**Q** 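Dropping the structure in here first, questions after.
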Amino acid sequence: MAPENPSHPSENDLPYVLILKPPPSFVIFGDRFFNSTKFRFLKAYESPLPLAHFLLAHAQSVQAILSSGGAPVTADTIRLMPLLRLVVTTSQGLNHIDLSECRRRGIVVASAGTIYSADCADSVVALLIDVLRKVSAADRFVKQGLWSSQGEYPLGSKLGGKRVGIVGLGSIGSEVAKRLEAFGCSISYNSRKKKPFCSYPFYLNVRELAANCDALIICCALTDETHHLINKEVLSALGKDGVIVNIARGPIMDEKELVRCLVEGEIRGAGLDVFEHEPDVPNELFALDNVVMSPHNAVFTWESFEDLRKLVVGNLEAFFSNEPLLTPVGLDDQPHFSG
C-alpha cells in the first residue's frame, strides 16, 4: 500500500471545530455545507450526553467553535474548553457570544462581516413598502374573494418623500439609507456615535429621532444599552402616522408595548422580521392588516448562504493555517451584552 500523502492528513488527524447546535445552513443544505480538508466538526447536538459533560469529555480537543444566533457561546461554555482560541459565528450580530469572556481569555472572534447587509437592506425596503402600500393585506383581500363583494380596497401611502429615521447606521443601516434615498426619502439617524463623514442629521436621543420621522428603521446591535430601547416613549413620539420596521433583534423593542400601540392604533403599522421570544409571536399580531411579518429570515438568500459558506470556511482555514482571519471582530470596540 502506498504511503499517505503527508500534505493531506487523514480525517482523524484534523483539528476539531465544535458546533453546539446546527446552524440554519445545515438545515437547508445539510451538515457538509462547511466541510473542509483542514478541519472536522465535533457536533455536540448529536451526543446523548448533557452539554457540560460532553464539553468536559472533549475539553482538550476543541480549538474553535462554529456558532450561530441560536447557539449561545456563554462564559460557562468557554471556561470548559481551555484550548479554545477562536469563535466563528454565522451571524452578523454578536449578542449570543460572551465577548467579555473572549477578551479576557484572548479568544479571537470572526463574524459574518457585511455579507448580509445588502440582502437585509432589501428586506427593509420590502417590509416598509408592504406596510405603507398594504401589499400583503391586499393580496389576502383578493384571495379571499372580497374584491367583488366589498369593492375597492382602502388606500395606502407612498414611500417617496417620507422622513425615515434609522437606528444604527452601520453596514446595514447605511445600505438602507442608500436605497431609501433613491425613493426620495429624507434620512436621519441615531447611532452610538455621530458618523464623522455622514451628512444625514444625527439625533443623540432615539425619542427625538422618532418624533421627527414618518418611519423608524431598527438596524442596531442588541446590547445591554439597546435592550427595550424602543419603548412606550419612543413609540408615542413616532405617533399615529408612524411606521416601524425591525430587522435587528426582537428584544430591542418592548414587544408588549409595540403590540398595544398597534392594536390601539397609536402607530400606523409595523414590518417585523424579529421578535422578542422567537419563534413565539404575539397572537394579537395575526389579525392585524397593518403588520407584515417574516420568520427572522431577512438576510437569507441563496446568494448570501453561498457567501457565508466561503467566509466561514475561509476564516477557519485561515485560523488553522496561522493566517489572518477574513472578518475578525475588534473586541475592544464592542459594547457589552450580558444576555
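This is a predicted model, so every value here is computed, not measured.
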**Q** side-chain contact (heavy atoms from CB on, under 4.5 Å) between Leu55 and Leu49: does it pass, once the steps are laid out?
**A** CA-CA 9 Å; Leu55 294 179; Leu49 293 174; over 6 Å; no
**Q** Are the side chains of Trp147 and Glu152 in contact, using a 4.5 Å heavy-atom criterion?
**A**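 Yes - at least one pair of side-chain heavy atoms lies under 4.5 Å apart.
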**Q** Go through the steps to decide whether Val274 and Met253 satisfy the test side-chain contact (heavy atoms from CB on, under 4.5 Å), and finish with yes or no.
**A** CA-CA 10 Å; Val274 290; Met253 303 183 70; over 6 Å; no
**Q** Take Leu262 and Val291 through the side-chain contact (heavy atoms from CB on, under 4.5 Å) test and state the conclusion after the steps.
**A** CA-CA 8 Å; Leu262 288 165; Val291 178; 3.7 Å; yes
**Q** Check whether Ile218 and Val125 end up in the same hydrophobic cluster, where Ile, Leu, Val, Met, Phe, Trp and Tyr are linked by side-chain heavy atoms less than 4.5 Å apart.
**A**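 Per the 4.5 Å side-chain linkage, Ile218 and Val125 are not co-clustered.
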**Q** Output every pair passing side-chain hydrogen bond (donor to acceptor under 3.5 Å, both in side chains) with a member in residues 57-68, not counting sequence neighbours, ordered by first then second residue.
**A**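 Listed by first then second residue: Gln63-Arg85.
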**Q** Testing the 3.5 Å rule here: is there a donor-acceptor pair between the side chains of Glu175 and Thr114?
**A**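 No, Thr114 and Glu175 have no side-chain donor paired with an acceptor closer than 3.5 Å.
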**Q** Does the distance from a Lys or Arg side-chain N to an Asp or Glu carboxylate O, for Arg104 and Glu101, drop under 4.0 Å?
**A**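 A salt bridge is present here (some side-chain N lies under 4.0 Å from a carboxylate O).
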**Q** Are side-chain N/O atoms of Arg268 and Ser157 paired as donor and acceptor at under 3.5 Å?
**A**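 Present: a donor and an acceptor within the cut-off.
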**Q** Hey, is CZ on Arg133 packed in by over 12 heavy atoms from elsewhere, all under 6.0 Å?
**A**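 Incorrect, the count does not exceed 12.
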**Q** What's the spacing between Phe183 CZ and Ile129 CD1 if we round to 0.5 Å?
**A**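 Reported to 0.5 Å precision, the distance equals 4.0 Å.
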**Q** Does the side chain of Ser123 reach to within under 4.5 Å of the side chain of Asp273, using non-hydrogen atoms?
**A**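 They are not in side-chain contact.
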**Q** Under the 3.5 angstrom rule, does the side chain of Arg103 hit a backbone N or O of Leu331 as a donor-acceptor pair?
**A**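 Flag set: sc Arg103 to bb Leu331 pair under 3.5 Å.
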**Q** Tell me if a side-chain donor or acceptor on Asn205 pairs with a main-chain N or O of Glu208 at a distance below 3.5 Å.
**A**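 Pair found, side chain donor or acceptor close to backbone of Glu208.
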**Q** Kindly say whether Gly113 contributes a backbone atom to a donor-acceptor pair with the side chain of Ser111 at under 3.5 angstrom?
**A**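 Confirmed, Ser111 side chain pairs with Gly113 backbone.
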**Q** With rounding to the nearest 0.5 Å, note down the distance linking CZ in Phe54 to CD in Glu46.
**A**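 Phe54 atom CZ to Glu46 atom CD measures 8.5 Å (nearest 0.5 Å).
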**Q** Looking at every heavy atom in both Phe33 and Ser25, which two are closest together, and how far apart are they?
**A**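 Scanning both residues completely, I find the closest heavy atoms to be CD2-CB, 3.6 Å.
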**Q** If I take atom CG from residue Leu238 and atom CD1 from residue Ile230, how far apart are they, to the nearest 0.5 angstrom?
**A**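 One finds 9.0 Å between CG of Leu238 and CD1 of Ile230.
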**Q** Check this for me: does any side-chain nitrogen of one of Glu276 and Lys256 sit under 4.0 Å from a carboxylate oxygen of the other?
**A**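 Between Lys256 and Glu276 there is no salt bridge, as every charged N stays at least 4.0 Å from the carboxylate O atoms.
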**Q** Donor-acceptor check, side chain of Ser321 to backbone of Glu323, threshold 3.5 angstrom: yes or no?
**A**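 Not a single qualifying donor-acceptor pair exists.
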**Q** When you compare the side chain of Phe34 with that of Leu308, does any pair of heavy atoms fall below 4.5 Å?
**A**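 Touching, per the 4.5 Å side-chain cut-off.
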**Q** Would you name the heavy atoms of Pro328 and Leu325 that are closest together and state the gap between them?
**A**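 Where Pro328 meets Leu325 most closely, the heavy atoms are CD-O, 3.6 Å.
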**Q** Salt bridge (charged side-chain N to carboxylate O under 4.0 Å, His left out) with Asp214: which of Lys158, Lys240, Arg163?
**A**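 For Asp214, the salt bridge (charged side-chain N to carboxylate O under 4.0 Å, His left out) test succeeds with only one of Lys158, Lys240, Arg163, which is Arg163.
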**Q** Is there a side-chain contact between Phe29 and Arg309 in this structure, where contact means two heavy atoms from C-beta onward sitting under 4.5 Å apart?
**A**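 Of all side-chain heavy-atom pairs linking Arg309 with Phe29, none is under 4.5 Å.
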**Q** Which of these, Asn95, Leu229, Thr223, sits in a side-chain contact (heavy atoms from CB on, under 4.5 Å) with Ile252?
**A**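 Only one of Asn95, Leu229, Thr223 forms a side-chain contact (heavy atoms from CB on, under 4.5 Å) with Ile252, namely Leu229.
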**Q** For a side-chain contact (heavy atoms from CB on, under 4.5 Å) check, start with the C-alpha distance between Leu128 and Lys162, then their side-chain angles and the critical distance, and finish with the verdict.
**A** CA-CA 11 Å; Leu128 184 55; Lys162 289 290 188 291; over 6 Å; no
**Q** So, Asn190 side chain and Tyr203 main chain: donor-acceptor pair closer than 3.5 Å or not?
**A**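 Flag set: sc Asn190 to bb Tyr203 pair under 3.5 Å.
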**Q** Can you tell if the side chain of Val243 reaches within under 4.5 Å of the side chain of Leu132, non-hydrogen atoms only?
**A**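 Touching, per the 4.5 Å side-chain cut-off.
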**Q** Are any side-chain N or O atoms of Asp130 and backbone N or O atoms of Val135, one a donor and one an acceptor, separated by less than 3.5 Å?
**A**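 It does hold such a pair.
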**Q** Taking everything shown except Lys21 itself, do over 12 heavy atoms lie less than 6.0 Å from its NZ?
**A**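 Open: at most 12 neighbouring heavy atoms sit under 6.0 Å from NZ of Lys21.
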**Q** At what distance, to the nearest 0.5 angstrom, does CD1 of Ile115 lie from CG of Leu311?
**A**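 Rounded to the nearest 0.5 Å, the CD1-CG separation comes out at 5.5 Å.
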**Q** In this structure, would Val109 and Val313 fall into the same cluster of hydrophobic residues linked by side-chain contacts under 4.5 Å?
**A**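 The answer is no; the residues belong to distinct hydrophobic clusters.
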**Q** Please check this pair: side chain of Asn315 against backbone of Ala318, looking for a donor-acceptor N/O pair closer than 3.5 Å.
**A**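 No: the side chain of Asn315 does not pair with the backbone of Ala318.
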**Q** Mind checking whether Ile28 and Leu66 sit in one hydrophobic cluster, side chains of I, L, V, M, F, W, Y counted as touching below 4.5 Å?
**A**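 In one cluster with Ile28: Leu66, yes.
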**Q** If we ignore hydrogens and angles and just use 3.5 Å, is the side chain of Thr77 paired with the main-chain N or O of Val73 as donor and acceptor?
**A**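 The answer is no, because no donor-acceptor pair under 3.5 Å joins these two groups.
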**Q** Is the side chain of Thr226 donor-acceptor paired with the backbone N or O of Ala221 at a distance under 3.5 Å, no angle test?
**A**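 Judged by distance alone, yes, a pair lies under 3.5 Å.
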**Q** Please determine whether a side-chain nitrogen of the Lys or Arg among Arg260 and Glu266 lies less than 4.0 Å from a carboxylate oxygen of the Asp or Glu.
**A**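 Glu266 and Arg260: salt-bridged.
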**Q** Just wondering, do Ser171 and Gln92 contact through their side chains at under 4.5 Å, heavy atoms?
**A**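 Heavy-atom side-chain distance check passes, below 4.5 Å.
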**Q** Does any non-hydrogen side-chain atom of Phe275 lie less than 4.5 Å from one of Asp280?
**A**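 Side-chain contact under 4.5 Å: no.
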**Q** Could you give the distance from OG1 (Thr301) to OH (Tyr116), rounded to the nearest 0.5 Å?
**A**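 Going from OG1 on Thr301 over to OH on Tyr116, the span is 9.5 Å.
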**Q** Hey, can you tell me if Phe202 and Tyr189 have their rings parallel, tilted or perpendicular (30° and 60° cut-offs)?
**A**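 Phe202 and Tyr189: tilted rings.
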**Q** Looking at side-chain heavy atoms only, is the closest gap between Cys219 and Val176 below 4.5 Å?
**A**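 Yes, at least one pair of side-chain atoms sits under 4.5 Å.
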**Q** As a test of understanding, state which of Ile78, Ile97, Val329, Asp98 forms a side-chain contact (heavy atoms from CB on, under 4.5 Å) with Val87.
**A**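 Output: one option passes, namely Ile97.
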**Q** Does Val263 share a hydrophobic cluster with Met293, counting links as ILVMFWY side-chain heavy atoms below 4.5 Å and allowing steps through other members?
**A**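 Yes, it is one cluster - the side chains of Val263 and Met293 are joined through contacts under 4.5 Å.
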**Q** Provide the closest heavy-atom pair for Leu14 versus Arg40 in the form atom of the first, atom of the second, distance.
**A**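 Scanning both residues, the minimum pair turns out to be O-NE, 2.9 Å.
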**Q** Looking only at non-hydrogen atoms, find the nearest pair between Gly165 and Cys213 and report the distance.
**A**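 Distance-wise, the nearest heavy atoms are N-CB, 3.6 Å.
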**Q** Is a salt bridge present between Asp76 and Arg79, judged by a nitrogen-to-oxygen distance below 4.0 Å?
**A**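 Yes.
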**Q** Shared ILVMFWY cluster between Leu18 and Phe320, side chains joined below 4.5 angstrom?
**A**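 Different clusters.
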**Q** Determine the minimum heavy-atom distance between Leu216 and Ala210, stating which atoms define it.
**A**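 It is CD2-CB, 4.2 Å.
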**Q** Looking at every heavy atom in both Leu316 and Val88, which two are closest together, and how far apart are they?
**A**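 Smallest interatomic distance, heavy atoms only, reads CD2-CG2, 3.8 Å.
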**Q** Rounded to the nearest 0.5 Å, how far apart are CG of Leu272 and CG of Leu258?
**A**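 Between Leu272 CG and Leu258 CG, I get 6.0 Å after rounding to 0.5 Å.
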